[in-house]
Structures are given as structure tokens and as C-alpha cells.
Amino acid sequence: MMNYRKYVKQYYMPPEPCYDWVKKDAIDKAPVWCSVDLRDGNQALVIPMDLDTKIEFFKMLCEVGFKEIEVGFPAASETEFVFLRRLIEDHLIPSDVTVQVLTQAREHIIRRTFEALEGCSNAIVHVYNSTSFAQRQQVFRKSKDEILQIAVDGAKLLQKLTDEAGENYRFEYSPESFTGTEPEYALEVCNAVLDVWKPEADRKAIINLPSTVELSMPHDYACQVEYMSKHLNYRDHVVLSLHPHNDRGCGVSDAELGVLAGADRIEGTLFGNGERTGNVDIITLAMNLYMQGVDPKMKFDHMPEICSRFEEFTGMTIDERKPYCGKLVYAAFSGSHQDAIAKGMHFRQENDPDHWTVPYLPIDPADIGRSYDADVIRINSQSGKGGVGYVLETNYDLILPKKMREAMGYAAKDLSDHLHKELKPDELLSLFKQKFENITKPLEVNGVHFRQLDGGGIEATVNARYEDGSWKTCVAEGNGRLDAVSNALKSAFHLEYTLTTYQEHALTKTSSSNAIAYVGIQMEDGKTAWGAGEDPDIIRASIDALVTSINNR
């Protein structure tokens, strides 16, 4: 039985108002990105990655643009230790990439971490201890002073071992469970650590504020971050970092508001993989910047490949509705959405605007390697004439008249509904040909001859039959070839209709030299029947279209 009364607020607001971040309306540059896929992400997998897989994942992280990568907790297991040694000894770390290693603020773990780092000249040593009220009370059963001393002792040992190694490692400190820590106490601990390290302009320290468990609304976290940013010692020489988790489903919002509040750096994972509900999703964060016209400093132009490799490495599945990268996030099945997208794409072709403003598509799917044909307009029983027309036009160069698109749209809806499935472009083309091309029953025409009349008209001699009757030669005049053929057929077989629509165009996107014609005829009851004809000879194509429209009455 659910009992909401057993829950109380577990976070603490700063001791002073911290709302300057509210005055900012946008993030104007990308933060420093640090991937923790190989540590936080890996430890959250049901089956953690093996050594070779981790190496391939590390290479992919470098390829997409990460300059800081947390490669693991080398003192936690032999596998983690060997992985870091392999990166170092096989010279797999690019010169512009810094590896980050995690260690608890405990002496033997820190020393083991430095053993793993031997020979690595470009590293961040990330030390942490938990500071939250709940951890102090229930797990460590230590006072604030005792917890602070653990952090200071860890910071001193990092400095000592780095000096002994003759390296220039950068340092990072995290007050773990920051979101459950009193902000003024978190500040006291972080400043005590900074007083040990005394960061300088050419060797900045990183203070990382982890939302180890997301406990509050994003704006509360932003206030906590702003308070820390305003009061940290050596602030000009400190990189303020965030490590949001997603327990309340607000990890992305936490990160974005945290950056507005003063953060310079984000630790997260591709696609948000991580413990419980996951870490903050760096792809979503970066692409959110991109869609606002800010360079995210990441390379995601081959998103389908990144998705595929991630699933292969981790054994996880990316949700089809995952922002920016899910298989269905650019798909439009709704008729009104499809129509708006199709018109938006035509607007771009006609006007060549400087900025992307296509309805329902926040970014151009092509920018990240997605296909318009396969990913955007998808046809099912919810689709409409705009989407059907767009697919036929972009895939097969069939530019249907407006009212004919409506008829084709209804045909597609009916078929999709009957089959209970999505229609692929080739199935849509097959349906079009079945419904609107070369229907030769009950009316058949097997020969037409024309003669130019002295008065400027056209005489057509048509050989035709109706409902398997005998072949007839029928003659009639018209103001054009198609009009003359139509008049001949009406007269010979007592047909009642009005020729209302004629449209033709070359099929320029195909390898054939064919043209296609579309004909619409209106019956006495007001209904319109449609036909299409395709042939190298546009006259032949037009006659085929007329015959099909008559047979579709």
C-alpha cells in the first residue's frame, strides 16, 4: 500500500537567495564534456564490458569528440586496473585526451590508483567521499569534522603522490551525495580541499557536484550550484563540474539549469546509461545546444552508427523514442504532421532559407545521418494525403495532383488498416500502380490516330471496346488530342463524365525517359475518378491515364 506520509524533503536549500541563473535565457557555449560511460555506465550493466570491448568503446568516445574520459576505478578490480594499463602501455590515449580515474578518499585505494597511472602524463585523479546527512548518520556514523578530515587527507595524499611521481596530474573532488548535503557544509568541505591543492590558472582543480541521487526539482539544484559557484575559494582557477543522475527523470534539466547557475563542465554518459534511472544523457544535452545554434563541440553526424555500436558494446537497447537518436523520433505517421512537414520541405526547396524551421522537425535529420525517405514520413492507417504524396514524390518522382493525392491517401489508409502494418515506399508505389495505372477493364483502347483539322481542332480515330464487346472504330473531334479521344469514347459507349484535371511531367529522378500523365474525370454524381499513365510518348501516357480513370468510375 502506498503511503506518501513516510517521505519528507531530503535536500537542503542554500542559506541565502541564489536566483541569478533565472535571469539567463540560454546557454551560449558548450560546457566541457566528460564521459563516464566506462566507469559509471559500465558498472550499471548487467554484464560489464570485457577488456577488448572497453577499448573499442574508448576509441569511439574519442572519435565523437570527448576530451575527458573517466576510464574506471582502477583500484576496484583487476579488470579495471588492467584496462588502464592497456591504454597506457599500448599508447591508445590520444595526445589531446585526458583520462580520468576515480578513487575513494582512502589511502590504500589512492595508492593503488597511482600504481595504475604509472607512465600516464595526462590524467585527472578524481577523489570523493560522501558528505550527505543520511550517509554521515547511517553509513559512516561520523561527525561533520570527521567527514571533512577524510576529504582533506585524501586531497593531501593526491598532492603528495603526484609530486613523488613527477607528474602534473589535475585533481577533482566530489562531495558524493551533494544533493543530500547541507550546501554550507558542502562548501566548507570543498574549500578545505581547495586550500590543500591551491589551484592556479595553468592547473585548475575540478570541484564536481554530483546529483548522486536526484532529490529535488531542477531549480532547487540550480540554486545549490549557484551558491557553490559564488562562494568557492580560488573560483577563477576552479572548473565547476556537475554529475547529474536521473532518479526524478529531470537529469537533463538539472544539467542545463546548473550550467546557467555557473557550472563549467558536465559528467555524463551516451544515451544516459547509468545506475538506477541512469546518468545525464550527454547526447541529449549536446543536441539541445545544437538545435539552438550553439556548437556542441561533439561529432554526432553519424548517429545511427553510434547507436548501433553502443548497443553492441553494452547489450542495451536504445528506446525508439529516445530524443534525437531513437528510431522513431523523426517519424511522422499523423496525416496533419506529414502534410506540414511535406510543405515545409517544399518551402525550403523553393526559398532556400538560412535557418531550419520545418514544422515538427526540431533539427534536420540529415545532420545526424538520418534519411528522410526511411525516417521522416512513415505511412500507416493514420497517415494522410500529404505524407503519401511526399513519399511518392521524393522516392519515385510522382507529383500527384492535389485531389488525386487525397484519393491515393485513402487507398493507403485502407490497405494499412487492412494489413495492420506500416507501408514501405515500395509497397506504396505498388499500390499506386495497382489502383491508378494501366487498368484496362472494362474499357480497352488498342489504337489511336490523329488528324489536324483545318479549323485548328484535332480529329481522333480510336479503336476500342467495352466490357469485352466487339471492337469499334470511333471518330470525334476535340480542341486537343486528349479531348478528341475523350469525345470519341463518350460517343461510342454512351459515357457520361467531365474531364476536369490533366497534369503531366517527366520522370527526371529515374533512369527511364518516361513521362507520366494524370487524369481526373467527374461523374454526374459529383465523384471524381483518377487514372495515371506512364510512357515515353506523353500522348500515349495521357490516353492510358484517361482510360484508367474511366475504368475507375
Side-chain angles (χ1 to χ4, degrees), residues 18 20-21 24 27-36 39-40 61 65-71 96-103 105 120-129 131 151 154-155 158-159 162 167-176 178-179 183 186-212 221-222 224-244 254-269 279-280 282 285-286 289 294-298:
C18 290
D20 287 349
W21 60 269
K24 302 175 185 177
I27 300 171
D28 57 10
K29 67 176 183 178
V32 175
W33 305 112
C34 177
S35 164
V36 293
R39 199 274 301 170
D40 228 358
L61 293 171
F66 284 103
K67 301 304 179 186
E68 296 182 3
I69 301 172
E70 190 165 271
V71 295
D96 62 344
V97 171
T98 300
V99 294
Q100 180 171 302
V101 291
L102 184 68
T103 176
C120 180
S121 58
N122 201 15
I124 296 169
V125 185
H126 179 187
V127 63
Y128 75 94
N129 68 305
T131 59
L158 258 62
Q159 185 73 65
T162 297
E167 298 291 355
N168 201 32
Y169 296 145
R170 294 169 59 201
F171 300 140
E172 175 175 348
Y173 173 70
S174 287
E176 191 199 7
F178 166 77
T179 45
L187 179 68
E188 181 184 358
V189 175
C190 290
N191 279 337
V193 168
L194 290 172
D195 286 339
V196 173
W197 291 338
K198 295 181 172 54
E200 298 178 346
D202 60 350
R203 191 183 176 193
K204 293 184 177 182
I206 300 169
I207 293 295
N208 186 54
L209 305 178
S211 177
T212 309
Y221 182 58
Q224 295 168 340
V225 172
E226 182 176 308
Y227 174 75
M228 297 292 289
S229 180
K230 285 180 174 179
H231 296 289
L232 281 171
N233 294 342
Y234 312 93
R235 182 63 182 92
D236 290 344
H237 303 153
V238 170
V239 176
L240 185 57
S241 177
L242 307 181
H243 183 111
D254 285 340
E256 291 183 328
L257 296 190
V259 170
L260 289 180
D264 311 299
R265 179 179 185 265
I266 299 292
E267 293 186 349
T269 59
N279 287 54
V280 71
I282 284 183
L285 284 170
L289 290 176
V294 177
D295 183 359
K297 305 297 183 182
M298 298 295 284

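Numbers for residues simply follow the sequence, beginning at 1.
Defined by atom type and a distance below 3.5 Å, a donor-acceptor pair is present between the side-chain atoms of Y173 and N129. Checking T269 against N279 by side-chain atom types alone, no donor-acceptor pair falls below 3.5 Å. A donor and an acceptor atom, one from each side chain of H126 and S174, are located under 3.5 Å apart. Side-chain polar atoms of R235 and S229 form a donor-acceptor pair below 3.5 angstrom.
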Trace of the side-chain contact (heavy atoms from CB on, under 4.5 Å) decision for Q224 with T179: CA-CA 8 Å; Q224 295 168 340; T179 45; 4.2 Å; yes
Using the rule given for side-chain contact (heavy atoms from CB on, under 4.5 Å), can you reason through Y221 versus F178, listing the C-alpha separation, both sets of side-chain angles and the distance that settles it, and then say yes or no? CA-CA 10 Å; Y221 182 58; F178 166 77; 4.1 Å; yes
Quick one: do Y234 and D195 satisfy side-chain hydrogen bond (donor to acceptor under 3.5 Å, both in side chains)? Show the steps, please. CA-CA 9 Å; Y234 312 93; D195 286 339; 3.3 Å; yes
Can you list the steps and then say if I282 with F66 is a side-chain contact (heavy atoms from CB on, under 4.5 Å)? CA-CA 11 Å; I282 284 183; F66 284 103; 3.7 Å; yes
Verdict with reasoning, R203 to H237, per side-chain contact (heavy atoms from CB on, under 4.5 Å): CA-CA 8 Å; R203 191 183 176 193; H237 303 153; over 6 Å; no
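For the residue pair C190 and L232, the shortest heavy atom distance occurs at CB-CD2, 3.9 Å. Between L242 and V259, the closest heavy-atom pair is CD1-N, 4.1 Å. The minimum heavy-atom distance between P199 and A205, with the atom names listed, is CB-N, 3.6 Å. Across every non-hydrogen atom of V193 and A155, the tightest pair is CG1-CB, 3.9 Å. Considering every non-hydrogen atom in both V189 and A151, the closest pair reads CG1-CB, 3.7 Å. What you find for V280 and E267 is that their closest heavy atoms are CG1-O, 3.5 Å.
Two residues are said to be in side-chain contact when any heavy atoms from C-beta on lie closer than 4.5 Å; L209 and H243 fail this criterion. No side-chain heavy atom of V99 sits less than 4.5 Å from a side-chain heavy atom of I124. Side-chain contact between P31 and I266 is present, with at least one heavy-atom pair separated by less than 4.5 Å. In this structure the side chain of E167 reaches within 4.5 angstrom of the side chain of S121, judged on heavy atoms. Looking only at side-chain heavy atoms (C-beta outward), I206 and R265 come within less than 4.5 Å of each other. Counting heavy atoms from C-beta on, the side chains of D264 and S241 never come closer than 4.5 Å. Residues D20 and E226 meet the side-chain proximity criterion, which asks for heavy atoms closer than 4.5 Å. You'll find the side chain of V32 stays beyond 4.5 Å of the side chain of K67, heavy atoms only.
Relative ring orientation between H231 and Y227 is described as tilted, the plane-to-plane angle lying within the 30° to 60° band. The aromatic rings of W197 and F171 sit tilted, their planes meeting at an angle between 30° and 60°.
A distance-only check finds a donor-acceptor pair linking the side chain of N122 to the backbone of V97 [under 3.5 Å]. For E172 (side chain) and N208 (main-chain N/O), no donor-acceptor pair under 3.5 Å exists by modelled atom type. Remark: side-chain polar atoms of E70 are not paired, donor with acceptor, to backbone N or O of S35 under 3.5 angstrom. Not one N or O on the side chain of W33 forms a donor-acceptor pair closer than 3.5 Å with the backbone of A30.
In the displayed structure, K230 atom NZ is contacted under 6.0 Å by more than 12 heavy atoms of other residues, nucleotides or ligands. A 6.0 Å sphere centred on NZ of K29 holds no more than 12 heavy atoms belonging to other residues, nucleotides or ligands.
Here the CD1 atom belonging to I207 is positioned 7.0 Å from the CE atom belonging to M228, to the nearest 0.5 angstrom. The OG1 atom of T98 sits 5.5 Å away from the CD atom of E68 when rounded to the nearest 0.5 Å. From N233, atom CG reaches atom CG of L194 across 6.5 Å, with rounding to the nearest 0.5 Å. One finds the CG atom of N191 at 4.5 Å from the CG atom of L187 (value rounded to the nearest 0.5 Å).
For D236, the side chain to side chain contact (heavy atoms under 4.5 Å, CB included) test picks out no residue, with sequence neighbours left out.
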